[in-house]
Amino acid sequence: MSVRELPKAYESKDVETYWRKLWEENNTFTPDMDSDAEPYSIVIPPPNVTGVLHIGHALNQTLQDVLARHARQKGKKVLWVPGTDHAGISTQNVVERALLKEGISRHDLGREKFLEKVWAWKEEYGGRILEQIRYLGSSVDWTRERFTMDENLAKAVRKVFVKLYQDDLIYKGKYIVNWCPRCHTALADDEVEHSPQKGALWHVKYELEDGSGHIIIATSRPETILGDSAVCVYPDDERYKDFVGKRIIVPIVNRPVPIIADRYVDKEFGTGALKVTPCHDPNDWNLGNNHSLEFIQVIDDKGNMSEEAGSYAGLTREACREQIVKDLDAMGVLLQVEEIDHSVGTCYRCQTVIEPYPSIQWFVATTKLAPKARAAVPSQIEILPETWTKTYYNWLDNIRDWCISRQLWWGHRIPAWTCADCEELIVSETDPTKCPKCGSSHIEQDPDVLDTWFSSALWPFSTMGWPENTEDLKTFYPTSVLVTAFDILFFWVARMIMMGQHFMDEIPFKQVYIHALVRDQHGKKMSKSAGNGIDPIDMIDKFGADALRFTLTAFAAMGRDIRLSEERIEGYRHFVNKLWNAARFALMNLGTEKPKSMPFSEVKSLHHQWILHRLEEVKTDSENALNAYKFNDMAQILYKFLWNEFCDWYLELIKGDFKGSDEQKAEASFVLYTVLSETLALLHPIIPFVTCEIWQALPGNEGTDLALELRPANRPECLRPKESEQMIYIQDCIGTIRTIRSELNIAPALKLSAIFRPDSEEQKNILEASRPWIMFLARLENLVIDADAVPPKASASHVVQGSEIAVILEGVLDFNTELARLEKELGKIEKELNGISAKLSNENFVARAPEAVVTQEKERALDFQDKQTKMLALQKRFREVLE
RNA sequence: GGAUGGUUAGCUCAGUUGGUAGAGCAUCGGUUUUACACACCGAGGGUCGGGAGUUCGAGCCUCUCACCAUCCACCA
């Protein structure tokens, strides 16, 4: 590779394409298994194979990449596993919809043909989201790409299922489950989303069979009246006490049913009497079992009224409700319609209203696995931010068994068979050919597949080759950290912990970092349907991947959601460009030779000492920030250093050096090269493309890849707090003159004269040494440094750290303006002094505050008094000019 | 109903054992100072949601109220 020169403007597109290709062709991010380095591993939260990269993925990817690249820089053996999830319902829906456009349903094709179609779809479009992840520059190991339906992962799934079954942790049974009539499958409790909706309570009169009275029942689902098999009241309820044990007539169907009593009923709600429909409500299901009631199923698997519904059979549940309400009204038993707000469960994939539906399903006894998973936090697994720990506990403490069977075709088919002859249930890792009990070959595999999250729960070890005891597994399990959003804490994180504990005898990750959800400017969750989404690919096209990455990193404060807008990304594009131009400036001055290195102890000039000192601080601070997962702090520390210190001051200060002596040039070249190189390395985890591009353009780096370089080591000998303070003093002096210029509206081109009156010998020396900088940066033509100098009356002055700075204004401007400025400044000082003296005159403060605080306040008071005295003198002098 | 987070400059947000309120963007004024107008120099702008308490001292700790989010549970 030859040296590639930096064009005048940063062109993200070409640069990103170049490096992406290079990294992939060289397998740059495939770990060296022979190395003895400390392992560091992350598994990607596998996005749905149907997915399109959204901004949340981009955040998730960026943070993981920052961690992975940083770990690599620390010399660790890093593995970051990429892959996708087969996403049962979503994918099946997508393919079904596509087929429907051709007028074909999956039933027309049959299971086998349909699955072929899904696989074909996956081959064609399933790589899309990984393709998009590539655009972000994620340093994953592409040679280890996984899919939850890969052969080996399927093997893992079967082994896990069989083992859990043998351990009595998987069981099969008939239960009322959440059923999506549109997707035509069961859903787990946490796959049901509750959304508030306007509804009604219909008050319906039920007559007692013996004619001795009636009970008014309030129901929000009148269509289920058809399936009523009891009326339930609270045991001691005065209103209904005498009715318990009698029979009551269900209207419409005229069915006599028992009146039962159960503490489950809430006396306060509605009329305090509950109609019981065991087949269509989970609570009623329990009542039905406990009280041995009749189970009458009036709604079928498609959400339509069944044969049991008599004349209503065939109607949709919505149409039936309408009709029944009319009929009840006609019969005169509908007494009242009360509007209510309640929440309705909907399918998290298609938003169809969930129907509680009794059916035979498979369950994982998560109630038994939960206590151990709970105990792992925080002793073995640290959840960050810590506040999520409580949420995690809360969920596990209230967990119910996990329904894992789905009535879909796309997914891991349940490895269970039933013998048609003897009804033996066979659960096996390998496909059986005959019944082990009766020897019959008439065996049928269970038609259901497993919940997508079942295979996802195995992801940390299945991707590494389990159940084989592979090198990957030995080296990289448990993984170092899991980075994810909180919305899948339950779906995924908790279940991975359970499975890891059960099958690996070890937790799957040591830390869980929960990052923010990305919202729009108004705090709304970004979504395609709301139309407020920011497409990361668009942003990359417009501003570059680095700009997007830096933005996301800078916004990733712990425990807070991110409100993102395009302007923010554009803003950080400026930062990338700033870095680019700083590098161009450096290259211009450095030439083509790598500067000759020198011992840092021989770096004598104040500005070099200062920037090297600051670089050390930045190394430490940014590292500490990242170790604490304070990504935003890390980004900000680097941003400010690069822009406000390196560019705004250091590059300006060395302009003179490059016009100066050979010695000056050599020193400046060496320090500039060092600081730029190391800053690039520090920034690299956040903005890999631009830093790599600049790096390879630096003399001596031809053909090298910054992604493979170690993080610059600390150099304690470069820490020079004292010299750093001195540099800041010089900056303050220059700033003061600039402020005077600006406030008095002095043309920038006009060169001025100034008198500095240092407060000490030390200050004098510093000022003398910095004379060229002050003259250049403050645009002076004449500078006197002398404690005894007397500034002319016509001058504007200011006090910096005890030294007076006077800008001579001889015939330059309006003196009233300067007087006004002085007065304003004096006002500020007085306000400060009042505050401090109020404190110091407070006996309690002096007596009780720590001595250091009191001393500090006293010193501040002295400083301000000194400043005040000097400025009052100036004011006086100035007034004399005006007279 | 239970829980969590938030309320700080016009906007988006930092603020680490309580000790001088910060940044970026936006605004305003000025600038062809040979890396960068995606820039440079400078300025203005906050009774830290309301109230009470603890303390010498509160953006930070306690209580309370309000509003905005979010999660969990759910009543027929």
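These numbers come from a predicted model, not from an experiment. Just so we're on the same page: letters track the sequence lines, and every chain starts at 1.
The distance from atom NZ of A/K839 to atom C1' of B/G18 is 11 Å, rounded to the nearest whole Å. Taking atom CG of residue A/N581 and atom C1' of nucleotide B/C40, one finds them 13 Å apart after rounding to whole Å. If you take CG of A/D262 and P of B/A76, they are 17 Å apart, rounded to a whole angstrom. For the pair A/E570 CD and B/A39 C1', the computed distance is 15 Å after rounding to whole Å. Following rounding to the nearest Å, A/L840 (CG) and B/U20 (C1') show an atom-to-atom distance of 13 Å. Rounded to whole angstrom, the span from the CD atom of A/Q336 across to the P atom of B/A76 amounts to 16 Å. Rounded to an integer number of Å, the gap from CH2 of A/W395 to P of B/A73 is 10 Å. Between the CG atom of A/L752 and the C1' atom of B/U33 there is a distance of 14 Å, rounded to whole Å.
Between A/K13 and A/E11 there is no salt bridge, since none of the side-chain N atoms of the basic residue sits less than 4.0 Å from a carboxylate O of the acidic one. A salt bridge links A/D228 with A/K275; the closest basic N to acidic carboxylate O contact falls under 4.0 Å.
The side-chain hydrogen bond (donor to acceptor under 3.5 Å, both in side chains) search around A/N290 returns none, not counting sequence neighbours. For A/R400, the side chain to side chain contact (heavy atoms under 4.5 Å, CB included) partners at least two apart in sequence or on another chain are A/D189. Applying the ring-ring contact (aromatic ring centres under 6.0 Å, His included) criterion to A/W773, with sequence neighbours excluded, gives A/H607. In this structure, the salt bridge (charged side-chain N to carboxylate O under 4.0 Å, His left out) partners of A/K205, at least two apart in sequence or on a different chain, are A/E207.
Comparing the same atom, P, in B/U32 and in B/G49 gives a spacing of 44 Å after rounding to whole Å. On the C1' atoms, B/U17 is 43 Å away from B/C36, given to the nearest whole Å. Separating the P atom of B/A76 from that of B/U7 is a span of 35 Å, rounded to the nearest Å. A distance of about 15 Å separates the P atoms of B/U8 and B/G51, rounded to the whole Å. A distance of about 39 Å separates the C1' atoms of B/G42 and B/G5, rounded to the whole Å. Nucleotides B/U55 and B/C41 are separated by 44 Å at their C1' atoms, to the nearest Å.
For a distance-only test at 3.5 Å, the side chain of A/K578 fails to qualify as a donor-acceptor partner of the base of B/C38.
For A/F776 and A/I217, each mapped to the nucleotide of RNA chain B holding its nearest heavy atom, the one lying further toward the 5' end belongs to A/F776.
Going from atom CD1 of A/I216 over to atom OG1 of A/T271 covers 7.0 Å, rounded to the nearest 0.5 Å. To the nearest 0.5 Å, the span separating CH2 on A/W649 from CG on A/N644 amounts to 11.0 Å.
For RNA chain B, runs of at least 3 consecutive pairs of the Watson-Crick or G-U wobble type, with both hydrogen-bonding distances under 3.5 angstrom, map to B:1-7 with B:66-72, B:10-13 with B:22-25, B:27-31 with B:39-43, B:49-53 with B:61-65.
Across B/C41, B/A35, B/U12, the shortest atom-to-atom separation from the side chain of A/R738 is found for B/C41. Each of B/A35, B/U20, B/U12 was ranked by its minimum atom distance to the side chain of A/R860; first place goes to B/U20. Here the side chain of A/L651 is nearest to one of B/A35, B/U4, B/A43, namely B/A35.
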Sort me out a list of protein N/O and nucleotides 23-29 of chain B N/O pairs below 3.5 Å, or just none if empty.
{"unit_1": "B/G24", "atom_1": "N2", "unit_2": "A/R568", "atom_2": "NH2", "d": "2.9"}

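A ring-centre distance under 6.0 Å is not found for A/Y392 and A/W388.
Within the 4.0 angstrom heavy-atom criterion, no nucleotide atom of any strand lies near A/L777.
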